[in-house]
Novice: 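Before anything else, here's the structure in question.
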Amino acid sequence: MDITQMEQITPIQLYELMLKNHNVLMLDVRNEDEYEAWKIEGKFTPDTVNIPYFEFFENEDEAFSRVERDRPIVVVCAKGGASDFVALRLGEEGIKAANLSEGMIGWGNLYIHRVIVQTPEFEIYQIDRTARGCLSYVLISDGKAAIIDPLRHTEKYTDFLELKEASLALILDTHGHADHISGAPALSELTGAPYYLHPYDGIHPFDLLPAKLVYRMLHDGMKFSLGDLLIETVHVPGHTLGQVNFLVKAPSGRSFVFTGDNLFIQSFGRPDLGGQGQSWAPLVYNTIFNTVVERIPSDALVLPGHFAKHDEANEDGTYSKPLSALWKENEDLSRLNEKETFINFVLAHLPDMPEQYIQIKRINAGLAAPDEDEASELELGKNICALSTAYE
């Protein structure tokens, strides 16, 4: 890809560019507060300079003096309009610049599909909304599909299932999400496939109101068959009271565990997004060092619901790790096996909770119905579902 010959670059092209070392400079022309709240990141994040759009009007000479002329530049704004103007002006000054089409909105809506496993009996795919660090999964066996933790853009899943010639049989949320709007209720309404959620997460933790949505209740030990796959529900409260893991077993004996916001590649899920950090931190400890140890095979492949940094990925781009390796390599797990130390550490490393998380939980409980603009605004920025150590 020769970016010096491009006037526009799409989100997927930018993503592919950042998979390899490059000499690109990112010029972000959003206001400083928008820039500080959410930046473009990838495996090889470009050097970035923030020069707000208005500076190219009010003090153009000063703005241009801050732009390197000997590197290809990608210009980005919120929706792609202001950045297009700046890219054209840079071109007029002899500076090679490409505009990020659709801006941060397009970047935020980019989904990447990766293969976890493909066999004649079953397939598992990881769906990465890379700008937000959100991961969901599609399982296919015998022409039937299950989706775990689907995100808001339902067409990303229906189009994929049509491509794979699979019918949706099962929709599963590991918990009531706070950082993003679940696509599960909409997918269920659209396809008729049943949607399952633990009933403890059918109550808004701040408003204490029951959910107004159609779902079937999960319970610990509940099992589902999907072709050759067996899916077992393991209740692991702490991040939320209704948080579950889905332990999937294949005929070959291989096992996969979809941990949602229980275990991540780096760190683990914070206990305070329901406003009960002090009370729920001990639950997180019990879940990790008792339930997980006792019920999840050590060779199970951990498939989390989020990542904090792109360097958590494997060489093939997937976010996964055997549980046995996680015990050794996840620093927050390996050093915190004493309960009081664990709880004190957790409570001392809680990031600030974004206020929009309360509204997102209302939406995921069917207590509010946002339009597209509100939904997009609520979902701006990366997830902050792990301890603060994951973002350092």
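For clarity, every value in this text was computed on a predicted model and none was experimentally measured. FYI, the numbering just counts along the sequence from 1.
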Novice: Determine whether the side chains of Ser136 and Tyr157 contain a donor N or O and an acceptor N or O closer than 3.5 Å.
Specialist: yes

Novice: Is a donor on one side and an acceptor on the other found under 3.5 Å between the side chain of His204 and the backbone of Asp207?
Specialist: yes

Novice: Is the number of heavy atoms from other residues, nucleotides or ligands within 6.0 Å of CD (Glu60) greater than 12?
Specialist: yes

Novice: Does Asp373 offer a backbone N or O that forms a donor-acceptor pair with the side chain of Asp371 under 3.5 Å?
Specialist: yes

Novice: Testing the 3.5 Å rule here: is there a donor-acceptor pair between the side chains of Asn262 and His175?
Specialist: no

Novice: Considering only NZ, NE, NH1 and NH2 on the basic side and carboxylate oxygens on the acidic side, decide whether Asp28 and Lys39 come within less than 4.0 Å.
Specialist: no

Novice: Is Asp220 reaching over with its side chain to a backbone N or O of His235, donor-acceptor style, under 3.5 angstrom?
Specialist: yes

Novice: Can you label the angle between the Phe85 ring and the Tyr53 ring as parallel, tilted or perpendicular, going by 30° and 60°?
Specialist: perpendicular

Novice: Do other residues, nucleotides or ligands put more than 12 heavy atoms under 6.0 Å from the CD atom of Gln118?
Specialist: yes

Novice: Using the side chain to side chain contact (heavy atoms under 4.5 Å, CB included) rule, take Phe56 and Ile51 through it: C-alpha gap first, then chi angles, then the decisive distance, then the call.
Specialist: CA-CA 8 Å; Phe56 287 90; Ile51 307 176; 3.7 Å; yes

Novice: How about Lys164: does its NZ atom have over 12 heavy atoms from other parts shown lying under 6.0 Å from it?
Specialist: yes

Novice: Side-chain contact test, heavy atoms from C-beta onward, threshold under 4.5 Å: evaluate it for Asn383 versus His180 and give yes or no.
Specialist: no

Novice: Please answer: with hydrophobic residues joined when any side-chain heavy atoms are less than 4.5 Å apart, are Ile384 and Trp280 in the same cluster?
Specialist: no

Novice: To check you understand the geometry: which heavy-atom pair defines the closest contact between Ser376 and Arg152, and what is its length?
Specialist: OG-NH2, 3.7 Å

Novice: Taking all atoms of both residues into account, what is the closest heavy-atom pair of Ala281 and Val346, and its distance?
Specialist: CB-CG1, 4.3 Å

Novice: Looking at Glu93, I want to see if its CD is surrounded by more than 12 non-hydrogen atoms of other residues, nucleotides or ligands under 6.0 Å.
Specialist: yes

Novice: Side chains of residues 244-260: which donor-acceptor partners sit under 3.5 Å, not counting sequence neighbours?
Specialist:
from	atom 1	to	atom 2	distance (Å)
Ser252	OG	Arg254	N	3.4
Thr259	OG1	Leu263	O	2.7

Novice: As a test of understanding, state which of Phe160, Tyr137, Tyr111 forms a ring pair (Phe, Tyr, Trp, His ring centres under 6.0 Å) with Tyr125.
Specialist: Phe160

Novice: Rounded to the nearest 0.5 Å, what separation is found between the OG1 atom of Thr130 and the CH2 atom of Trp107?
Specialist: 5.5 Å

Novice: Please check: side-chain N/O of Lys321 versus main-chain N/O of Val302, any donor-acceptor pairing under 3.5 Å?
Specialist: no

Novice: Do His239 and Thr287 have side-chain atoms, one donor and one acceptor, less than 3.5 Å apart?
Specialist: no

Novice: Would a distance-only check, ignoring hydrogens and angles, find a side-chain to backbone donor-acceptor pair under 3.5 Å from His22 to Phe44?
Specialist: yes

Novice: For Gly227, does its backbone N or O pair with a side-chain atom of Asp142 as donor and acceptor, under 3.5 Å?
Specialist: no

Novice: If you compare all heavy atoms of Glu41 against all heavy atoms of His310, which two are closest, and at what distance to 0.1 Å?
Specialist: O-CE1, 3.4 Å

Novice: Return the orientation label for the Phe342 and Phe289 ring planes: parallel under 30°, perpendicular over 60°, tilted otherwise.
Specialist: perpendicular

Novice: More than 12 foreign heavy atoms under 6.0 Å from CD of Glu377: is that the case here?
Specialist: no

Novice: Any carboxylate oxygen within less than 4.0 angstrom of a Lys/Arg side-chain nitrogen, looking at Arg132 and Glu379?
Specialist: no

Novice: With a 4.5 Å cut-off on side-chain heavy-atom distances among I, L, V, M, F, W and Y, is there a chain of contacts connecting Phe54 to Phe64?
Specialist: no

Novice: Answer yes or no: is there a donor N or O on one side and an acceptor on the other, between the side chain of Ser65 and the main chain of Glu62, under 3.5 Å?
Specialist: yes

Novice: Linking I/L/V/M/F/W/Y whenever any side-chain heavy atoms sit under 4.5 Å apart, do Met6 and Leu88 land together?
Specialist: no

Novice: Indicate yes or no for a side-chain donor-acceptor contact from Thr191 to the backbone of Ala193 under 3.5 Å, with no hydrogens or angles considered.
Specialist: yes

Novice: Within this structure, what is the OG-CG distance for the pair Ser83 and Leu90, rounded to the nearest 0.5 Å?
Specialist: 10.5 Å

Novice: Could you tell me the separation between the CD atom of Glu331 and the CD atom of Gln266, rounded to the nearest 0.5 Å?
Specialist: 7.5 Å

Novice: Are Leu301 and Phe307 connected in a single hydrophobic cluster, I mean Ile/Leu/Val/Met/Phe/Trp/Tyr linked by side-chain heavy atoms less than 4.5 Å apart?
Specialist: yes

Novice: Does atom CG of Asp352 have more than 12 heavy-atom neighbours, drawn from other residues, nucleotides or ligands, at distances under 6.0 Å?
Specialist: no

Novice: To the nearest 0.5 Å, what is the distance between OH on Tyr196 and CG on Leu172?
Specialist: 8.5 Å

Novice: Main chain of Asn23, side chain of Arg71: is a donor-acceptor contact present, judged purely on distance under 3.5 Å?
Specialist: yes

Novice: Under 4.5 Å between side-chain heavy atoms, counting indirect links through other Ile/Leu/Val/Met/Phe/Trp/Tyr residues: same cluster for Leu209 and Ile360 or not?
Specialist: no

Novice: Hey, would you say the Tyr285 and Phe345 ring centroids sit under 6.0 Å apart?
Specialist: no

Novice: Side chains of Asp332 and His349: do they bring a donor and an acceptor to under 3.5 Å?
Specialist: no

Novice: What's the verdict on side chain to side chain contact (heavy atoms under 4.5 Å, CB included) for Ile231 and Leu170, showing C-alpha distance, side-chain angles and the deciding distance?
Specialist: CA-CA 11 Å; Ile231 305 171; Leu170 194 58; 4.1 Å; yes

Novice: Search all heavy atoms of Glu312 against all heavy atoms of Ile265 and return the closest pair with its distance.
Specialist: OE1-CB, 3.6 Å

Novice: Could you tell me whether Glu162 atom CD has more than 12 heavy atoms of other residues or ligands within 6.0 Å of it?
Specialist: no

Novice: Minimum heavy-atom separation for Tyr319 to Arg114, with atom names?
Specialist: CE1-NH1, 3.9 Å

Novice: When rounded to the nearest 0.5 angstrom, what is the spacing between CG in Leu273 and CG in Leu350?
Specialist: 8.5 Å

Novice: Look only at the side chain of Glu338 and the backbone of Glu340, and say whether a donor-acceptor pair between them is shorter than 3.5 Å.
Specialist: yes

Novice: Could you give the distance from CG (Leu380) to CH2 (Trp38), rounded to the nearest 0.5 Å?
Specialist: 5.5 Å

Novice: Is any side-chain heavy atom of Lys361 closer than 4.5 Å to a side-chain heavy atom of Pro205?
Specialist: yes

Novice: Does a donor on one side chain and an acceptor on the other come within less than 3.5 Å for Asp201 and Gln243?
Specialist: no

Novice: Tell me whether the count of non-hydrogen atoms from other residues, nucleotides or ligands lying under 6.0 Å of CD in Gln8 goes above 12.
Specialist: yes

Novice: Apply side chain to side chain contact (heavy atoms under 4.5 Å, CB included) to Leu135 and Leu303, showing your working.
Specialist: CA-CA 9 Å; Leu135 303 170; Leu303 295 159; over 6 Å; no

Novice: Using the side chain to side chain contact (heavy atoms under 4.5 Å, CB included) rule, take Asn344 and Thr341 through it: C-alpha gap first, then chi angles, then the decisive distance, then the call.
Specialist: CA-CA 5 Å; Asn344 290 337; Thr341 301; 6.0 Å; no

Novice: Would you please say whether a donor-acceptor pair under 3.5 Å links the side chains of Asn364 and Ser182?
Specialist: no

Novice: Indicate the atoms forming the closest heavy-atom contact of Pro370 with Ala375, along with that distance.
Specialist: CB-N, 4.0 Å

